[in-house]
Amino acid sequence: MTRHLLPVLATSVWLPGEGSVAAGDHDFLFRILLLTGGTLLALLILAIDLVLLQNLRNDANRVGRAVQPGRASIILVPVVMFAVVVGIWSAGIRGRVDAAVAPAEVLAVEATLADGGWHFTYPNTATADTLHLPQGRAVRLAVQSDDLARRVQVPGLRLSGVARPGRDQTFWVEPAEAGAYEVSATRLDGGRVDSLQTELRVEEPAVFDAWLARISDPLQMYPLPQAGRVLVERNGCLVCHSLDGVRGTGPSFLGLLSRTREFEGGGTASADSSYVAESILQPQARVVAGFQPVMPNFSGKLGEPEVGAILEFFRSLEVDAAEVSP
Amino acid sequence: MSQPAYLAKLEGPGDWWKTTDPQALGVMHLLFTTVAFLLGATFALLGRAEFLAPTRDLIARDTYGQMVTLHGVMLMVLCAAPAMQTVFGNFVLPKMLSAPGLAHAGLGRWSMQLHGWAVLLAVVSTAFGSVDGGWTLLPPWSVEAPIPALLLAVSMHLVALSMIGTALNHLATIFRHGASDMPLFARAMGVAGGFTLVVAPALAAASVLLFAEATGRAGLFADSMPGYESLLGFFGRGVVVLVFCGAVGVIGEVCATAARKAPHGMAATTIALALTGGFYLVAGDAGDVAGAAVASFFGLLAAVPATVLVLNFLASLQGGAIRMEPSFVLALVAVVSLATGGVAGLFLAAPLTGDYLRGTGFATAQLHMLLAGGGLSAFLAGMMHWWPLMAGRRLRSRRPGFATLLHFAGLQLTFLPLFVLGARGLTARAQVLGDGATELARLVAFGAVLLFAGLTLFGLEFLQSLLSDAASGPNPRGAATGEWSAANDYDFSPGIGSES
């Protein structure tokens with residue numbers, strides 16, 4: 001409501017469109033300052049003009065006379081100015097505190113600046129090179145710099161801050177308007193300015209959720225063996241299993257499919273597709289001799305298509321190995 | 001009197017270099033300041049040419065960065081920081097107070113020579129390659145070229161020492177010879193002297209850190225060095241305050257002469273000046289939320305004493321018998337520019353808007369409105385005001401009048417669009433602009449050309465006046481302060497206060 005109090009001062013000349021709730025607060029204060037500052041400057045120029053009109057005497061032999069301005073103006077003007085200053089300060093501080101307090105439920109997005117570009121990681125570990133945010137949902141955006149101090153700006157959301165090595169810049173923001181916005185990170189080393197740019201797309205929640213689901217699903221994002229590899233990486237399998245035949249906490253994935261397995265407590269089986277699928281989804285059912293029963297259960301987390309992709313990835317490992325050592 | 005008395009004693013360059021005469025010291029400082037200014041301004045003009053083709057790189061990025069860096073170092077450290085006090089302060093202050101010389105003549109010479117060495121080192125450093133890192137010479141980028149970085153570190157240190165020497169000298173002179181009715185300019189120099197003793201040590205300390213880093217052994221900046229940035233950030237605000245003090249003093253004298261009456265409310269103006277500068281100085285970047293809230297408050301609070309300055313300025317003109325002359329018009333340009341910079345300062349000091357605008361072209365525009373708009377205009381006004389005392393020559397009024405017009409138009413065209421570009425998200429010092437910024441950027445480039453055309457005309461006028469034989473007479477415009485008085489038309493005694 002208050003945002004539309006002063007439509008006279010077209011901030012659209014000055015500022016990009018208001019892309020967030022906080023941008024509204026910012027622009028309200030910006031308008032107040034434009035109005036105050038503009039009035040002050042206009043009054044000053046008017047006063048100078050009036051004084052000149054009254055006192056221009058180009059003839060040679062005149063002298064000026066001292067004038068005592070009214071006491072009222074001497075006291076009143078600074079007092080009014082003080083009130084204006086306190087007003088601006090308190091209006092701004094409220095917005096700044098709002099912008100610094102974390103909302104209860106947030107979508108946490110981590111931004112990393114590396115290899116000359118932006119990389120965004122979403123809570124479900126999905127990654128993207130452009131930033132997508134849902135409209136009307138609170139977001140925590142933490143920006144981690146590369147080895148340079150950079151000024152991070154999203155003008156459309158009125159976000160600006162400095163990310164330094166070892167000191168992230170965190171923003172709380174609630175995007176309000178769907179649309180595309182510029183995102184930049186500019187080096188702070190003074191002269192040599194190079195800026196890492198990317199795009200922010202603020203989308204309606206349904207569109208955003210669909211996008212997030214798509215980039216979160218390796219099966220939709222990558223061809224089969226690669227999707228399996230992404231799944232293996234994302235689920236932390238490589239902590240215990242190697243890809244090069246070296247034995248870790250668990251057996252290596254290389255050469256797994258062709259082997260005959262002996263189990264703790266007796267019994268053997270050929271490691272075919274259905275056996276490997278079983279040991280992913282219910283690893284404690286049959287534990288290979290010589291290994292601890294420590295692998296977590298993935299039955300709720302990975303479905304049949306995912307397991308299929310992982311098997312496809314294991315097969316591709318065999319093919320690659322065969323090509324390297326004929 | 002075709003030649004001022006102080007010139008008669010000086011024969012060769014050696015006399016100038018060893019002089020303790022405050023007026024000759026002022027002229028020497030003017031020479032050093034001008035060299036730094038011309039270099040810094042040239043780099044700025046070359047950099048702004050980039051804005052003529054905003055969407056592609058006219059100049060290689062590294063070169064652009066180095067030009068911006070040298071522009072900043074030359075103008076902030078070697079020119080703006082010492083200019084007002086060393087040029088006008090030395091030239092005018094002692095005679096204004098009817099003092100027989102600076103309180104410490106030897107210290108005056110020492111400060112002048114240090115400033116000279118500093119400018120020389122900075123000029124020499126450009127021959128050894130170019131530094132990067134912005135005017136604060138931020139490592140590691142600045143020390144990638146270690147030799148120029150070393151030279152510039154020494155240069156900065158010498159400037160800091162020179163500024164401290166000059167400030168001590170002026171304060172001592174004021175304490176010894178000042179009176180309760182001393183002119184506004186002398187009071188402004190007192191305030192500036194006090195601020196110098198606070199801000200110049202920050203430059204001295206930062207330059208030691210830079211020197212240590214440039215020798216390659218310190219490794220002080222391995223994990224970046226926020227302390228270094230803070231020191232120079234503080235010094236940068238200090239430069240604005242020093243220029244502001246000088247400008248207020250000069251504007252006061254120029255307006256008093258044009259209006260043919262004494263400035264109004266000098267005691268209140270002095271206190272308001274000290275408060276404005278002090279509030280601005282402490283309102284720098286702060287670490288945490290509470291500190292930032294306090295800094296914002298003080299930054300905004302500076303507006304309150306500033307209104308007292310404006311009221312007293314208007315009261316100084318009211319009732320006067322004002323003559324329109326180029327120096328007076330320049331002083332008005334300075335007042336309007338300072339007011340514009342001050343209003344823009346409210347945006348930068350306020351929470352929210354300040355958080356968003358800091359580090360953008362808006363902040364660059366504000367700094368330039370204060371320094372290039374307010375400071376430079378006031379400096380030119382002072383030059384025209386005191387020129388008859390410096391050169392004993394007359395200035396004409398038509399060409400400077402036209403130059404003032406160009407100067408004013410150039411200022412507005414160069415910096416007003418930059419406010420808008422910055423608010424739309426243009427990062428400070430950015431070389432390449434986004435779509436839609438092209439037209440405004442062209443205005444900026446065009447404004448810079450006008451600005452330099454105006455400055456060239458001013459320069460021509462001063463040069464031509466030097467070569468002409470149009471003597472000005474002792475006090476052509478009937479100024480009332482002591483430096484013009486025939487009673488003070490004495491030779492400075494050579495040995496006063498000096499150790500020799």
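Below, read A as the first sequence line, B as the second, and so on, with proteins coming before strands; counting in each chain starts at 1.
- Residue with the most contacts toward chain A among B:G425, B:G320, B:A303: B:G320 (heavy-atom pairs, distance under 4.5 Å).
- Of the atoms belonging to A:L159, it is backbone heavy atoms, and not side-chain ones, that fall under 4.5 Å from chain B.
- Summarising the geometry of A:R57 relative to B:R260, their closest heavy-atom pair is O-NH2, 2.6 Å, with the distance given to 0.1 Å.
- When each of A:S90, A:S184, A:G37 is checked for heavy-atom pairs under 4.5 Å with chain B, A:G37 comes out on top.
- In plain terms, the two heavy atoms of A:H26 and B:Y356 that are nearest each other are NE2-CD2, 3.4 Å.
- Only the side chain of B:L357 comes within contact range of chain A, judged by heavy atoms closer than 4.5 Å.
- B:V304 touches chain A through backbone and side chain together, each having a heavy atom under 4.5 Å away.
- When all heavy atoms of A:P16 and B:A423 are compared, the closest pair comes out as CD-O, 3.9 Å.
- At a 4.5 Å heavy-atom cutoff, B:L70 makes no contact with chain A through either its backbone or its side chain.
- In this structure, A:R151 contributes its side chain and B:T360 its backbone to no donor-acceptor pair below 3.5 Å.
- For B:A259, the part lying under 4.5 angstrom from a heavy atom of chain A is the backbone only.
- Put simply, CG on B:L426 and CD on A:Q153 are 8.5 Å apart, with the number rounded to the nearest 0.5 Å.
- Contacts between B:F419 and chain A at a heavy-atom distance below 4.5 Å involve backbone atoms as well as side-chain atoms.
- Residues B:T307 and A:L40 form no side-chain contact, since every pair of their non-hydrogen atoms from C-beta on lies 4.5 Å or further apart.
- The part of B:V310 that comes within reach of chain A is its side chain, from C-beta onward, which places non-hydrogen atoms under 4.5 angstrom from that chain.
- Side-chain contact between B:I322 and A:L52 is present, with heavy atoms from C-beta onward closer than 4.5 Å.
- Contact count versus chain A (heavy atoms, under 4.5 Å) is highest, among B:G359, B:G72, B:A339, B:A350, for B:G359.
- The shortest side-chain heavy-atom distance between B:L311 and A:I74 does not fall under the 4.5 Å cut-off.
- Going from atom CD1 of A:I32 over to atom CG of B:L346 covers 13.0 Å, rounded to the nearest 0.5 Å.
- A:N55 approaches B:G319 most closely through the heavy-atom pair OD1-N, 3.0 Å.
- For the set B:T136, B:T340, B:V308, the count of heavy-atom pairs under 4.5 angstrom toward chain A peaks at B:T340.
- Between B:F297 and A:V86 there is a side-chain heavy-atom pair separated by less than 4.5 Å.
- Across every non-hydrogen atom of B:S296 and A:R96, the tightest pair is OG-NH2, 3.1 Å.
- For A:E204, the CD atom sits in a loose shell: 12 or fewer heavy atoms of surrounding residues, nucleotides or ligands are nearer than 6.0 Å.
- Put simply, of B:V335, B:V343, B:L300, the one with the most heavy-atom pairs under 4.5 Å next to chain A is B:L300.
- For the pair A:V63 and B:K261, the minimum side-chain heavy-atom distance is 4.5 Å or more.
- Put simply, the side chain of A:F30 does not reach to within 4.5 Å of the side chain of B:L352, judged on heavy atoms.
- The structure places CD1 of A:I88 at 8.5 Å from CZ of B:F347, a figure rounded to the nearest 0.5 Å.
- Top candidate by heavy-atom pairs under 4.5 Å with chain A, chosen from B:E325, B:Q318, B:H71, is B:Q318.
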